[in-house]
Peer 1: 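Below is the structure I would like to discuss, written out as structure tokens.
Remember, it's a predicted structure, so these values are computed and weren't measured experimentally. Reckoned from all heavy atoms, side chains included, excluding hydrogens, waters and symmetry mates. Here is how names work: the chains are called A, B, and so on, in the same order as the sequence lines, proteins then strands, and each is numbered from 1.
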Protein chains: 2
Amino acid sequence: MKLVCAQTHLNSHLSLVSRAVSSRPTHPVLANVLLKADQSTQRVILSAFDLSLGIQTSFPAQVEESGVLTLPAKLLSDIISRLPDGDVTIESDAEGSHVTTLTSASGRYQVRGMGAEEFPELPKIEEGEQTHLVADALVDGLRGSLFAASADETKQVLTGVHVSLQPDGLEFAATDGHRLAVVKTIEEDAKSESEPQLDVTVPAKALQELMKMLDRQNGNAVDVRFDQGQVVFEWADQRLTSRLLEGQYPNYRQLVPRQFTHQLTIDRRLFLSSLERISVLADQKNNIVKVHLDPAAQQLTLSVDAQDVGSGREAIPAQISGEGMEIAFNVRYLLDGLKAINTAEVQMQLNTSTSPVILSPLGSLKMTYLVMPVQVRS
Amino acid sequence: MKLVCAQTHLNSHLSLVSRAVSSRPTHPVLANVLLKADQSTQRVILSAFDLSLGIQTSFPAQVEESGVLTLPAKLLSDIISRLPDGDVTIESDAEGSHVTTLTSASGRYQVRGMGAEEFPELPKIEEGEQTHLVADALVDGLRGSLFAASADETKQVLTGVHVSLQPDGLEFAATDGHRLAVVKTIEEDAKSESEPQLDVTVPAKALQELMKMLDRQNGNAVDVRFDQGQVVFEWADQRLTSRLLEGQYPNYRQLVPRQFTHQLTIDRRLFLSSLERISVLADQKNNIVKVHLDPAAQQLTLSVDAQDVGSGREAIPAQISGEGMEIAFNVRYLLDGLKAINTAEVQMQLNTSTSPVILSPLGSLKMTYLVMPVQVRS
């Protein structure tokens with residue numbers, strides 16, 4: 001194998017795939033990236049796969065001799081990222097030795113690799129359900145749901161985001177048992193007329209990587225394929241694959257109330273910054289913040305009383321319909337939701353101080369964030 | 001006590017003094033900052049002191065009632081840093097309760113403090129040696145020496161920087177036993193005509209804070225006072241005090257060779273970036289990098305051979321006088337020195353592969369960086 005490519009290309013694509021390199025590889029080859037150079041297409045394909053998450057990307061190069069091999073991901077990234085701008089030549093010895101030489105303007109490095117035959121193939125889905133999404137819509141869906149997934153590995157399906165394919169787009173849902181985020185992305189030119197019924201749960205870790213990768217893709221179309229065990233996202237010159245989480249996802253739709261006795265419209269930034277200040281004190285006391293609705297003054301009051309330390313009180317203007325009431329929350333859950341929403345105003349809908357509360361953006365995105373209040377002795 | 005001040009002032013001065021707040025206070029009051037409001041000067045003085053390092057700063061405020069109290073540093077900083085731009089009112093209750101109310105445009109916070117009488121006074125030096133330095137010169141001296149101090153707390157005096165007062169300025173020296181950095185700052189208008197003889201060792205931690213604080217002071221004059229146990233740096237509206245380290249500092253001047261058989265001039269950035277690349281492989285093998293001097297080619301070659309992992313080789317142009325030779329170093333020590341130097345070119349002077357090597361900037365600053373080579377079996 002012999003190729004010449006730009007250091008900037010190699011470096012940025014290496015850092016992309018590095019996210020799928022296992023930090024504790026069960027087999028030595030899983031600490032490597034697969035590098036495939038194709039003389040006919042004059043492209044290099046890089047792949048990494050930790051047996052759950054797989055990432056593949058390709059970029060143009062001057063390929064003088066086709067070939068395939070694997071190289072230690074961390075060592076390779078560490079060297080390549082420090083090379084100066086300019087061309088890098090990658091050349092591997094005669095078959096079998098796997099010693100690869102990297103040459104740049106100033107130096108020469110030899111790195112010991114492993115044969116490609118040991119590297120597991122990334123999952124492909126030939127049959128299965130398929131849809132297309134605009135990258136932006138997918139990013140919106142992920143940004144609005146991912147944060148609510150559970151970080152507790154013992155919680156199984158709750159560590160993933162539930163994605164359901166519907167005739168007019170995808171619905172994303174995540175919950176850790178205390179709060180629930182649901183986003184519906186509407187696709188105007190959705191391709192799946194056949195109304196496929198598919199509900200899958202994708203590990204949050206894989207979707208976090210997907211979100212980062214798609215963040216720079218703007219209007220690109222993303223091809224999404226599912227089968228029973230895997231999901232594959234593919235766009236431009238990149239591909240991300242992930243295994244699916246097994247198990248029945250909670251029937252979350254029934255949790256969302258349909259009617260409310262109170263409705264508020266609040267400036268999101270004001271609400272967020274007030275909560276951030278008051279969280280300093282709430283952190284000292286079970287994270288609980290009390291929220292007082294004052295429809296007469298059209299004002300929301302946030303308060304925390306952390307006895308030995310101090311107390312705080314913030315007031316923010318709000319459009320409030322319904323009667324005055326007091327309700328308490330875990331301040332972290334409110335903060336998470338308000339950070340995931342990106343509109344200027346949020347709507348808050350509630351019934352009693354013990355029933356689910358809904359936060360949603362006032363704008364185009366169909367997002368529902370459900371938070372359970374906390375019961376406090378007053 | 002009652003005062004009104006700008007959130008930006010309070011916030012930036014709080015973060016300055018916070019560096020001297022003890023992370024594991026031996027007495028509860030040491031987790032607090034001392035706040036002193038003076039109606040006659042219309043200023044607020046903030047102080048923090050961990051019994052070793054002390055920082056004091058002052059800023060203008062609208063003081064309506066003089067007073068003094070202490071407040072929990074972390075809680076106060078956390079709240080103040082999140083407040084919106086604008087005025088903050090600080091008001092303490094009747095004497096004795098120490099409950100303090102912070103009021104901003106949007107909210108009100110009550111924080112429980114402690115009486116100022118328990119707060120230890122920052123050291124003052126009435127008698128003792130004194131000199132003046134321009135902030136820039138002091139920063140140069142610190143930047144050129146601090147990195148070479150030992151991080152190993154059991155090494156006593158070696159965890160500090162040795163500062164010696166000389167008729168024409170200050171000399172800074174730091175060593176961890178493997179390398180030594182010495183900087184001489186020349187003061188054209190040095191005030192100490194009496195030729196005081198003073199040699200003190202100041203904890204590196206205190207000097208790191210001093211360097212950060214002085215970085216924004218440019219041409220300001222810094223008043224430096226020493227006595228047997230303390231050093232006090234004072235400038236503009238700020239003061240930093242530190243205890244001194246006890247014990248005899250090594251007689252480092254005798255370690256620096258006077259004559260050399262080899263002399264090199266090297267582009268600092270080229271040398272640094274080549275070393276950074278090769279360090280990726282050196283990290284895999286005792287951090288050792290071999291340096292080959294080739295006077296005929298006027299070239300320096302760096303090489304590492306980490307057998308199971310790979311090998312690397314970098315070549316950089318250099319002006320070399322003396323015969324060809326091979327010498328080995330701990331790559332970290334070379335990197336540290338080259339990062340602390342800020343000139344375009346560095347000079348390297350050496351004799352044999354087992355004797356001390358000197359790196360120095362080619363420019364105005366008088367800095368000497370001595371590194372011991374490593375002996376390797378070839």
Peer 1: Could you tell me which portion of B/Gln307 (side chain, backbone, both or neither) has an atom closer than 4.5 angstrom to a non-hydrogen atom of chain A?
Peer 2: backbone

Peer 1: Is atom NE2 of B/His27 surrounded by more than 12 heavy atoms (other residues, nucleotides or ligands) closer than 6.0 Å?
Peer 2: yes

Peer 1: If you count heavy-atom pairs under 4.5 Å between each of A/Gly107, A/Ser274, A/Ser104 and chain B, which one has the most?
Peer 2: A/Gly107

Peer 1: What heavy-atom pair brings A/Tyr109 and B/Leu281 nearest, and what distance separates the two atoms?
Peer 2: CD2-CD1, 3.4 Å

Peer 1: So which heavy atom on A/Glu314 is nearest to which on B/Ser106, and how close?
Peer 2: OE1-OG, 2.7 Å

Peer 1: Is the shortest side-chain heavy-atom distance between A/Ser311 and B/Arg108 below 4.5 Å?
Peer 2: no

Peer 1: Does any backbone or side-chain atom of A/Asp283 lie under 4.5 Å from a heavy atom of chain B? Answer side chain, backbone, both or neither.
Peer 2: neither

Peer 1: Side chain, backbone, both or neither: which part of B/Leu102 has a heavy atom under 4.5 Å from chain A?
Peer 2: neither

Peer 1: Using a 4.5 Å heavy-atom cutoff, which residues in residues 74-81 of chain B come close to chain A?
Peer 2: B/Leu75, B/Asp78, B/Ile79

Peer 1: Tell me, for B/Pro72 versus chain A, whether the close heavy atoms (under 4.5 Å) come from the side chain, the backbone, both or neither.
Peer 2: neither

Peer 1: Name the member of A/Thr101, A/Ile316, A/Ile278 that forms the most heavy-atom pairs with chain B at distances under 4.5 Å.
Peer 2: A/Ile278

Peer 1: Under a 3.5 Å threshold, yes or no: a donor from one side chain and an acceptor from the other, between B/Arg82 and A/Ser279?
Peer 2: no

Peer 1: What part of B/Asp305 lies closer than 4.5 angstrom to a heavy atom of chain A: side chain, backbone, both or neither?
Peer 2: neither

Peer 1: Find the one option among B/Arg313, B/Arg277, B/Gln110 whose heavy-atom pairs under 4.5 Å with chain A are most numerous.
Peer 2: B/Arg277

Peer 1: Name, in order of residue number, those residues of residues 111-119 of chain B that have a heavy atom at a distance of less than 4.5 Å from a heavy atom in chain A; otherwise write 'none'.
Peer 2: B/Val111, B/Arg112

